[in-house]
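I have placed the structure first, in the form of structure tokens, so that the comments after it can refer back to it.
Keep in mind it's a predicted model, so treat the numbers as computed, not measured.
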Amino acid sequence: MKGIFDFVVTPKDDRYNNTKTIGDKKLILNTELQNHNFVSRVGVVMAVPSHNPTGVQKGDEVILHHNVFRRFRDIKGEEKNSRSYYKNNLYFVSPDQIFAYKRIIKWIPLEGFNFVKPIKEDKMFSINFEKPLIGILKYKDPSLKEAKEGDLVGFKPGAEYEFLINKEKLYRVPTNLITIKYEYQGNEKEYNPSWAASS
């Protein structure tokens, strides 16, 4: 099975990542069907389309939009699959729903997307754990020439969307919303919440 423009993808583990194993017990973190925070966003490519300018290959792991594997309730309250669902845990995924792919051990963002690691807030009386709108460029859009991986960058409000990659909390930031490259001051520290590291 092969599409002309769409990839065929299956979830890497399950459609939802709403459980956590503690010792020999399994804890259910969320039972809400509609909560996108617990939808799995990692898939495995089963087939690539005939037209494929992305570089993504069969067998690659991919970071996807949260609506690909999501289920929802329609206006009558009946549970439905997303429009991406095909059959037998297979999904048609358009290229604009894929944000990065894994080649061997390295994650490579698709053109137009970057992944930024938040940094710790260092103001003594701040209630925030991380500095807003600034972070370390972890995985870089190949077309972004103004910055390199490891640089400290700023981005527009509302640009960030949270992902968990390799047990790290990262923000997916579109390239056109990265606004500035900062110089390091020497006091910057990466921020990774404990729930991310233990997932």
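Between the side chain of Asn88 and the backbone N or O of Leu90 there is no donor-acceptor pair closer than 3.5 Å. Using a distance-only test at 3.5 Å, with no hydrogens or angles considered, no donor-acceptor pair links the side chain of Asp60 to the main chain of Val45. Proximity of a side-chain donor or acceptor of Thr179 to a complementary backbone N or O of Lys156 within less than 3.5 Å is not detected. Side chain of Ser84 to backbone of Val93: no donor-acceptor contact under 3.5 angstrom is found. Not one N or O on the side chain of Asp151 forms a donor-acceptor pair closer than 3.5 Å with the backbone of Leu137. With hydrogens and angles disregarded, a donor-acceptor distance shorter than 3.5 Å links the side chain of Gln185 to the backbone of Glu183.
At a threshold of 4.5 Å between non-hydrogen side-chain atoms, the residues Thr54 and Tyr101 do not count as touching. For the pair Leu64/Val9, a side-chain contact is recorded, criterion being any heavy-atom separation below 4.5 Å from C-beta on. Between Lys131 and Glu188, the closest side-chain pair of non-hydrogen atoms is not below 4.5 Å. By the 4.5 Å heavy-atom criterion applied to side chains, Tyr171 and Pro118 are counted as neighbours. The shortest side-chain heavy-atom distance between Phe7 and Pro95 falls under the 4.5 Å cut-off. Here the side chains of Val42 and Asp13 are not in contact, with every heavy-atom distance at 4.5 Å or above. In this structure, Ser94 and Asp6 have side chains that are in contact, with non-hydrogen atoms separated by less than 4.5 Å. Residues Glu160 and Leu133 have side chains in contact (heavy-atom distance under 4.5 Å, counting atoms from C-beta outward).
Residues passing the salt bridge (charged side-chain N to carboxylate O under 4.0 Å, His left out) test with Lys140: none are found, sequence neighbours excluded.
Atom CD1 of Ile119 sits about 6.5 Å away from atom CD1 of Ile136, to the nearest 0.5 Å. Atom CG of Leu110 is separated from atom CG of Asp141 by 9.0 Å, given to the nearest 0.5 angstrom. The distance from atom CD of Glu146 to atom CG of Leu144, rounded to the nearest 0.5 Å, is 5.5 Å. The line from CD of Glu162 to CG of Leu170 is 9.5 Å long, rounded to the nearest 0.5 Å. To the nearest 0.5 angstrom, Lys12 atom NZ is 5.5 Å from Lys102 atom NZ. Atoms OG and CZ, on Ser82 and Phe69 in that order, are 8.5 Å from each other to the nearest 0.5 Å.
Hydrophobic clustering keeps Phe5 apart from Met46 (ILVMFWY residues linked when any side-chain heavy atoms are closer than 4.5 Å, directly or through intermediates).
Here the closest non-hydrogen pair linking Thr10 and Asn89 is OG1-O, 2.8 Å. Of all non-hydrogen atoms in Val44 and Gly59, the two that sit nearest each other are CG1-O, 4.0 Å. Considering all non-hydrogen atoms of both residues, Asn128 and Ser126 come closest at N-OG, 3.1 Å. Across all non-hydrogen atoms, the minimal contact from Pro142 to Pro109 is CD-O, 3.5 Å. Looking at every heavy atom in both residues, Ala147 comes nearest to Val153 through CB-CG1, 4.2 Å. Residues Phe155 and Val116 share a closest heavy-atom pair of CE2-CG1, 3.9 Å.
Using a cut-off of 4.0 Å between Lys/Arg side-chain N and Asp/Glu carboxylate O, Lys117 and Glu168 are scored as salt-bridged.
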- Carefully, step by step, assess Phe163 and Phe99 under the rule ring-ring contact (aromatic ring centres under 6.0 Å, His included). CA-CA 11 Å; Phe163 282 82; Phe99 307 127; 5.7 Å; yes
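Lys87 and Tyr85 share no donor-acceptor pair across their side chains, judged by distance under 3.5 Å alone. Looking at Tyr91 and Gln97, their side chains never bring a donor and an acceptor atom within 3.5 Å of each other.
No option in Lys169, Glu190, Glu121, Lys120 other than Lys169 meets the side chain to side chain contact (heavy atoms under 4.5 Å, CB included) test with Glu130.
For Tyr184, the OH atom is densely surrounded, since the number of other residues' heavy atoms within 6.0 Å is greater than 12.
Ring centroid separation for the pair Phe113 and Phe115 does not come in under the 6.0 Å cut-off.
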